[in-house]
Protein chains: 2
Amino acid sequence: MRGKPEETKRRILTAASKLFYAKGVRAVGVDLIAAEAEVTKRTLYHHFDCKDTLVAAYLEAQNEPVLAALIKSITRVSGSITDQIEGLFLTFGKQAESSRWHGCPFARAVSELREFENDAISSIAAKHKRSFEEWLSCHLSSNEVDEPELVARQLMILVDGAITQLLIHRDPSYAKAAACAAVALIRGRVT
Amino acid sequence: MRGKPEETKRRILTAASKLFYAKGVRAVGVDLIAAEAEVTKRTLYHHFDCKDTLVAAYLEAQNEPVLAALIKSITRVSGSITDQIEGLFLTFGKQAESSRWHGCPFARAVSELREFENDAISSIAAKHKRSFEEWLSCHLSSNEVDEPELVARQLMILVDGAITQLLIHRDPSYAKAAACAAVALIRGRVT
DNA sequence: CATTTAGTATACAGATCGGTATACTAAATG
DNA sequence: CATTTAGTATACCGATCTGTATACTAAATG
């Protein structure tokens with residue numbers, strides 16, 4: 001039968017995204033994605049010409065929602081800028097308690113696909129990271145934090161470092177240590 | 001012909017380590033390792049009963065030299081504690097210029113093997129990270145830095161965060177931002 | 001001397017991988 | 001009405017993966 005083509009394509013992408021994040025882009029084959037999306041492999045290859053473009057589409061699709069979730073975990077705290085950033089790291093600590101959490105999908109994909117010097121994938125990841133860094137810079141600037149570009153970059157480093165440590169140790173106290181560091185760095189720059 | 005068994009085993013482990021770090025543990029097959037070590041696959045399986053134990057042996061073998069290299073990049077700077085930690089991050093920035101650098105082998109292996117809840121691998125990685133964190137704590141303590149455990153943990157987070165950002169962006173200015181953050185965090189704790 | 005150990009060489013089993021071939025159906029579209 | 005497009009179903013291709021089977025050699029070792 002023939003459904004609306006955009007709906008089918010979206011169903012494939014949704015299935016791929018779920019599986020890629022849960023198991024990793026290398027560990028998931030196109031057969032499994034097709035089965036999960038309830039389409040034949042032929043249909044899958046009708047909408048995506050190879051697995052790599054499907055991976056790229058997966059990461060592109062993650063950009064907006066991940067960015068929105070990060071921003072929301074900051075802005076939902078109605079307090080000072082330091083309280084807000086603290087909330088960001090405590091959110092990571094809570095997420096790390098779930099076995100379904102696997103850190104940043106962009107960093108993970110880049111790590112998995114390093115062997116091929118896949119410029120397409122790493123540039124999508126870099127674009128996403130830059131977007132969040134720039135948003136942080138603006139947010140810090142509008143809260144009278146000095147040198148917002150530098151502090152935003154340092155916060156990005158703390159974010160990805162906390163994620164790595166949380167993934168290795170599964171110990172939420174690393175989120176607290178990161179939050180504490182972030183607060184100290186911001187406090188050193190308030191006028 | 002029959003050489004000394006330890007020598008052959010070491011040759012296999014050396015070949016595996018080189019390939020695992022260069023291409024990733026998932027991307028390298030046992031056939032390639034056997035060829036690189038100039039042994040037959042039969043001989044490889046005589047010394048290691050499966051690929052996973054070879055991966056574990058690879059990580060175990062990396063523990064000491066990686067730790068030694070990290071400590072050396074700190075202690076070779078004859079200056080203040082802040083100068084020394086700055087040296088650590090600038091070393092990462094230099095290494096990131098090489099296309100043969102792929103960050104921390106432990107974080108990378110854990111990332112690649114997340115799909116299997118491989119406790120053996122992640123516990124080796126955790127042990128290594130704890131070793132370095134503890135060394136940092138002692139080094140900070142003996143340099144009159146307050147709350148050395150907390151600061152050591154924050155430095156660990158900065159280290160792995162800087163590595164992630166360097167791998168994604170390939171921009172050494174992230175190493176400088178991390179160094180700047182580390183210095184600020186330590187300066188806030190000197191008595 | 002007999003046995004165990006370390007090794008070579010080659011082949012293959014069984015699974016999975018990305019991707020394609022063939023043949024067909026049905027809906028939209030000019 | 002003819003054509004294109006979206007889709008099913010099934011099977012297959014060639015490559016690669018981990019791991020084992022068979023058969024043999026030579027050195028160490030009790």
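The sequence lines fix the lettering, A, B, ..., with proteins before strands; numbering per chain opens at 1.
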S.K.: Rounding to a whole Å, what distance do you find between B:Leu44:CG and D:dA21:C1'?
M.R.: 17 Å
S.K.: Roughly, in whole Å, what's the span from OH in A:Tyr45 to P in D:dT10?
M.R.: 19 Å
S.K.: Quick check on contacts: within residues 31-41 of chain A, what sits under 4.0 Å from DNA chain D by heavy-atom distance?
M.R.: A:Glu38, A:Val39, A:Thr40
S.K.: Who pairs with B:Asp31 by side chain to side chain donor-acceptor pair (under 3.5 Å), at least two apart in sequence or on another chain?
M.R.: B:Lys41
S.K.: Using every non-hydrogen atom in the two residues, find where A:Leu158 and A:Ala178 come nearest and quote the distance to one decimal.
M.R.: CD1-O, 4.1 Å
S.K.: Between C:dT8, C:dG18, D:dT8, which nucleotide has the shortest distance from any of its atoms to the side chain of A:Lys51?
M.R.: C:dG18
S.K.: Show every donor-acceptor pair shorter than 3.5 Å between a side-chain atom in residues 81-93 of chain A and any protein atom, with sequence neighbours excluded, or say none if there are none.
M.R.:
unit_1	atom_1	unit_2	atom_2	d
A:Thr82	OG1	A:Ser80	OG	2.8
A:Asp83	OD2	A:Ser80	OG	3.4
A:Gln84	OE1	A:His139	NE2	2.8
A:Gln84	NE2	A:Val77	O	3.0
A:Thr91	OG1	A:Arg76	NH2	3.3
A:Thr91	OG1	A:Gly87	O	2.8

S.K.: Ignoring hydrogens and angles, state whether a donor on the side chain of A:Thr14 or A:Ser17 is under 3.5 Å from an acceptor on the partner side chain.
M.R.: no
S.K.: Rounding to an integer number of Å, can you tell me how far B:His47 NE2 sits from C:dT8 P?
M.R.: 9 Å
S.K.: Mind calculating the distance between CZ (B:Phe20) and C1' (D:dC17) to the nearest angstrom?
M.R.: 13 Å
S.K.: Tell me, please, which residues at least two apart from B:Arg187 pass side chain to side chain donor-acceptor pair (under 3.5 Å).
M.R.: none
S.K.: Looking at B:Tyr58, does the NZ or CZ of B:Lys18 lie under 6.0 angstrom from its six-membered ring centre and within 45 degrees of the ring axis?
M.R.: no
S.K.: Show the atom names and distances, to 0.1 Å, of all donor-acceptor pairs under 3.5 Å that link a side chain in residues 130-138 of chain B to residues at least two apart or in another chain.
M.R.:
unit_1	atom_1	unit_2	atom_2	d
B:Ser131	OG	B:Lys127	O	3.0
B:Glu133	OE1	A:Tyr174	OH	2.6
B:Glu133	OE2	B:Arg153	NE	2.8
B:Glu133	OE2	B:Arg153	NH2	3.2

S.K.: Determine which bases of DNA chain D form Watson-Crick or G-U wobble pairs with both distances under 3.5 Å, and write the result as a 5' to 3' dot-bracket string with | for other-strand partners.
M.R.: ||||||||||||||||||||||||||||||
S.K.: Is the terminal nitrogen or CZ of B:Lys23 (NZ for Lys, CZ for Arg) located under 6.0 angstrom from the six-membered ring centre of A:Phe116 and within 45° of that ring's axis?
M.R.: no
S.K.: In whole Å, I'd like the distance from the CZ atom of A:Arg11 to the P atom of D:dT8.
M.R.: 7 Å
S.K.: Heavy atoms from C-beta onward define the side chain here; which of C:dA9, D:dG7, C:dG7 lies closest to that of B:Arg42?
M.R.: C:dA9
S.K.: Using whole Å, what does the distance between atom C1' of nucleotide C:dA27 and atom NE2 of A:His46 come to?
M.R.: 13 Å
S.K.: Of the options C:dG7, D:dT8, C:dG18, whose atoms approach the side-chain atoms of B:Thr8 most closely?
M.R.: C:dG7
S.K.: Walk me through it: do A:Leu19 and A:Leu32 pass the test side-chain contact (heavy atoms from CB on, under 4.5 Å)?
M.R.: CA-CA 9 Å; A:Leu19 291 167; A:Leu32 185 60; 3.9 Å; yes
S.K.: Please report, rounded to the nearest Å, how far the C1' atom of C:dC17 is from the CG atom of A:Leu54.
M.R.: 15 Å
S.K.: Send over the distance from A:Lys23 NZ to C:dC17 P, rounded to a whole Å.
M.R.: 10 Å
